[in-house]
Amino acid sequence: MRNDLIFQERINVTQPKLPNYERYTEVIKEIWEEKWLTNDGPLHERFRGGMKEYLNVPNGELFTNGHLALEIAIKSLDLKGEIITTPFTFASTTHAITNCGLTPVFCDIDQKTYNIDANKIESLITPKTSAIVAVHVFGTPCDVDKINQIAKKYNLKVIYDAAHAFGVEIDGIGIGNFGDISMFSLHATKVFHSIEGGILTYQDESLTPVIKALKNFGITSPESVDYVGTNAKMNEFQAAMGLCNLETITEDIQKRSQIHKTYVEGLSAFSPVSLLPFQDNVKANHAYFPILLKDKDTRDFLHMKLQEYNVFSRKYFYPLCNDFNCYGSNSETTPVGKGVSDTILCLPMYSELDLSDVKKITEIIKVELGEMNGK
Ligand code: T4K
C-alpha cells in the first residue's frame with residue numbers, strides 16, 4: 001500500500017457530464033414559455049433531429065430510458081419464441097427479452113471482443129428462433145457482417161443493444177445503421193446522456209408509426225388503440241439536457257480518447273493486465289476502460305485494493321446473465337463468457353477525469369499487483 005497514492009476524493013467508475021449551468025437554464029426557459037413538458041414537445045423534436053444527424057441514421061425515436069426502448073424494439077418486430085443473445089451484458093438486455101414473453105438462448109462470447117461469438121450462433125438456431133439480440137459491449141462493434149449473413153440465411157431479425165456505442169462508426173458508417181433496430185442508452189452514466197433516455201434507430205421507415213404508438217400506450221389516433229403499449233416518452237427536461245450535451249460531445253469523446261491513451265501507455269507493457277484490443281476500422285467512443293486479470297481472485301483483490309485508495313472500479317459484467325438466479329444459474333454452456341466475467345474490471349473512465357489521476361491509478365495497479373506477485 002502506498003499512502004502517497006491515496007485519493008482525497010472518491011473516484012467512481014464514471015461521472016456524468018453536466019453541461020454549463022447557465023446554458024441548461026437558458027434552454028429549459030423555453031419550457032416555461034411553451035408550457036409544454038412532455039409528449040413530443042418542441043425540445044424533444046429538436047433533440048430528435050440533432051440525434052439523427054449526429055448518429056447519421058435515417059430514422060430515430062427518443063424514449064424515457066434505454067431499457068423501455070429495447071422492449072419496444074422487440075415488440076415492434078412482433079418476435080416470437082427464442083432469441084439468441086449474449087450473457088455478457090447488463091441485466092437490461094436479457095430482461096427486455098424475457099419481459100416481452102420470449103426465451104433468451106445464451107450464446108458464448110468472443111474472447112477478443114467480449115461480444116456474442118458469431119461463429120457459435122448457427123448451432124443454437126431452432127425452428128423457434130426469431131431473432132438475434134446482440135450487444136456492442138463497451139462500444140466495441142459486434143461482427144455485424146457475419147451476423148447479417150446468418151440472419152439472412154435463416155430469416156431472422158437482428159436487434160443491436162448499442163447502449164454503450166453512442167457515436168461509434170464502422171468504416172465511417174454510424175453503428176446505428178446495422179441490423180433491423182439499434183438501441184442507444186442515454187443514461188447519466190453513458191458517454192452521452194439526457195439524464196435518463198434511449199434512442200431507437202432503424203432503416204425501415206414503416207416501423208415509425210408502430211414504434212411511436214408503442215411508447216404512447218399503443219394509441220394510434222384519438223379514438224383508436226391498436227397495440228398493447230406502454231409509457232416510454234422522453235420529457236422536455238431530458239431533451240434539454242441532451243441538446244446541451246450534444247454541443248460538447250465531440251470534445252468529450254476527444255478527452256476520453258486521451259484518457260484511453262494514458263491508460264494504454266501505463267498498462268500495455270504490464271503483463272498481469274490484459275487490455276481490450278483496438279479495431280483499426282472503428283471510430284471508438286471510449287465508453288469504458290475494461291481490463292482482464294489472470295484469475296478471479298486477482299480481479300477481486302484489485303477491486304478491493306483500489307477502494308482502499310478511494311478508487312471505485314466496477315465488475316461490469318459480473319455475474320453473467322445466465323448465472324442470475326432468475327435465469328437458472330447456468331453458465332457452463334458459455335465458458336468464454338464465464339472466464340471474462342470472472343476476471344474483468346472496469347477502471348474509471350469519464351471525460352472530466354484528470355490525466356494525472358489516470359497515471360496515479362495505473363501506478364496503484366502496478367504497485368498492488370506487483371506486491372501480490374511478491375515483487
Ligand atoms: N443495455 C446495456 C448493455 C446497458 O449497459 C444498459 C444500461 C441498458 C441496456 C439499459 O439502458 P438504460 O435503461 O439504463 O438507459 C449503470 C447504469 O444505470 C445503466 O444505465 C448501465 N447500463 C449500467 C452499465 O451502469 P449501475 O447499477 O452500475 O449504476 P450505478 O448507480 O451503480 O452507477 C454507476 C456509477 O456511476 C457509480 O459509481 C456512481 C456513478 N454515478 C451514477 C449516477 C446515476 C454518478 O456519479 N452520478 C449519477 O447520477 O448501472
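In each ligand, atom 1 is the first atom listed, and ligand 1 is the first ligand listed. Quick note: numbers below take in every heavy atom, side chains included, and nothing from hydrogens, waters or symmetry partners.
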ILVMFWY cluster, Leu267 and Leu5 together (side-chain gap under 4.5 Å): yes
Ring centre gap for His286 and His260 strictly below 6.0 Å: yes
Minimum-distance protein heavy atom relative to atom 19 (C) of ligand 1: Lys190 NZ, 3.5 Å
Glu26: side-chain hydrogen bond (donor to acceptor under 3.5 Å, both in side chains) partners, not counting sequence neighbours: Arg23
Close-contact set for ligand 1 against Tyr316 heavy atoms, below 4.0 Å: 25 (O), 26 (P), 28 (O), 34 (C)
Heavy-atom protein contact below 4.0 Å for atom 31 (O) of ligand 1: no
Distance from atom 5 (O) of ligand 1 to nearest protein heavy atom, with residue and atom: His164 NE2, 2.8 Å
From the candidates Val137, Thr89, Val133, the one that places a heavy atom nearest atom 3 (C) of ligand 1: Thr89
Ligand 1-proximal atoms of Glu196, by part, heavy-atom distance under 4.0 Å: neither
Identity and separation of the nearest protein heavy atom to atom 18 (O) of ligand 1: His187 CE1, 3.1 Å
For ligand 1, the portion of Phe312 having any non-hydrogen atom under 4.0 Å away: neither
Ligand-side contact atoms (ligand 1) for residue partner Asn65, heavy atom cut-off under 4.0 Å: 13 (O)
N or O pair under 3.5 Å between Gln15 and ligand 1: no
Leu302-Val367 co-clustered via ILVMFWY side chain contacts under 4.5 Å: yes
Under 3.5 Å: N/O of Ser185 near N/O of ligand 1: yes
Atoms in ligand 1 flagged as close to Gly197, the criterion being non-hydrogen separation under 4.0 Å: 15 (O)
Heavy-atom closest contact (Leu55 atom, Gly167 atom, distance): CD2-N, 3.8 Å
Interfacing atoms of ligand 1 (cut-off 4.0 Å, heavy-atom, Thr189): 16 (C), 17 (C), 20 (O), 33 (O), 34 (C), 36 (O), 42 (C)
Shortest protein contact, atom 13 (O) of ligand 1 (heavy atom only): His67 N, 2.9 Å
Evaluation steps, ring pair (Phe, Tyr, Trp, His ring centres under 6.0 Å), between Tyr327 and His95: CA-CA 10 Å; Tyr327 294 117; His95 289 346; 5.6 Å; yes
Proximal ligand 1 atoms for Tyr288, defined as those under 4.0 Å from one of its heavy atoms: 24 (C)
Reported CD1-to-CD1 distance for the pair Ile132 and Ile83, which is rounded to 0.5 angstrom: 9.5 Å
Cluster link Ile211 to Phe184, ILVMFWY, side chain under 4.5 Å: no
Verdict with reasoning, Asn310 to Glu9, per side-chain contact (heavy atoms from CB on, under 4.5 Å): CA-CA 7 Å; Asn310 230 353; Glu9 284 184 24; 5.6 Å; no
Element-labelled atoms of ligand 1 that are located less than 4.0 Å from some non-hydrogen atom of Met183: 9 (C)
Candidate pair Glu82 and Thr126, rule side-chain hydrogen bond (donor to acceptor under 3.5 Å, both in side chains), full reasoning: CA-CA 8 Å; Glu82 295 172 359; Thr126 73; 2.9 Å; yes
Derivation of the side-chain contact (heavy atoms from CB on, under 4.5 Å) call for Tyr227 and Asp78: CA-CA 11 Å; Tyr227 308 98; Asp78 202 17; over 6 Å; no
Side chain, backbone, both or neither: Thr14 near ligand 1, heavy atoms under 4.0 Å: both
Non-neighbouring partners of Lys360 that pass salt bridge (charged side-chain N to carboxylate O under 4.0 Å, His left out), sequence neighbours left out: none
Atom 39 (C) of ligand 1: the protein heavy-atom neighbour that sits closest, reported with distance to 0.1 Å: Asn12 ND2, 3.9 Å
Any Pro16 heavy atom less than 4.0 Å to ligand 1: yes
Where ligand 1 meets Ser92 - atom numbers and elements under 4.0 angstrom, heavy-atom basis: 8 (C), 9 (C), 10 (C)
Contact check, Ala96 vs ligand 1, heavy-atom distance below 4.0 Å: no
Ring geometry between Tyr114 and Phe138 (parallel below 30°, tilted from 30 to 60°, perpendicular above 60°): perpendicular
Within-cut-off N or O pair, Gly66 and ligand 1, under 3.5 Å: yes
For atom 37 (C) of ligand 1, the protein heavy atom that lies nearest, with its residue and separation: Arg314 NH1, 4.0 Å
Tyr263 and its ring pair (Phe, Tyr, Trp, His ring centres under 6.0 Å) partner, picked from Phe289, Phe270, Tyr288: Phe289
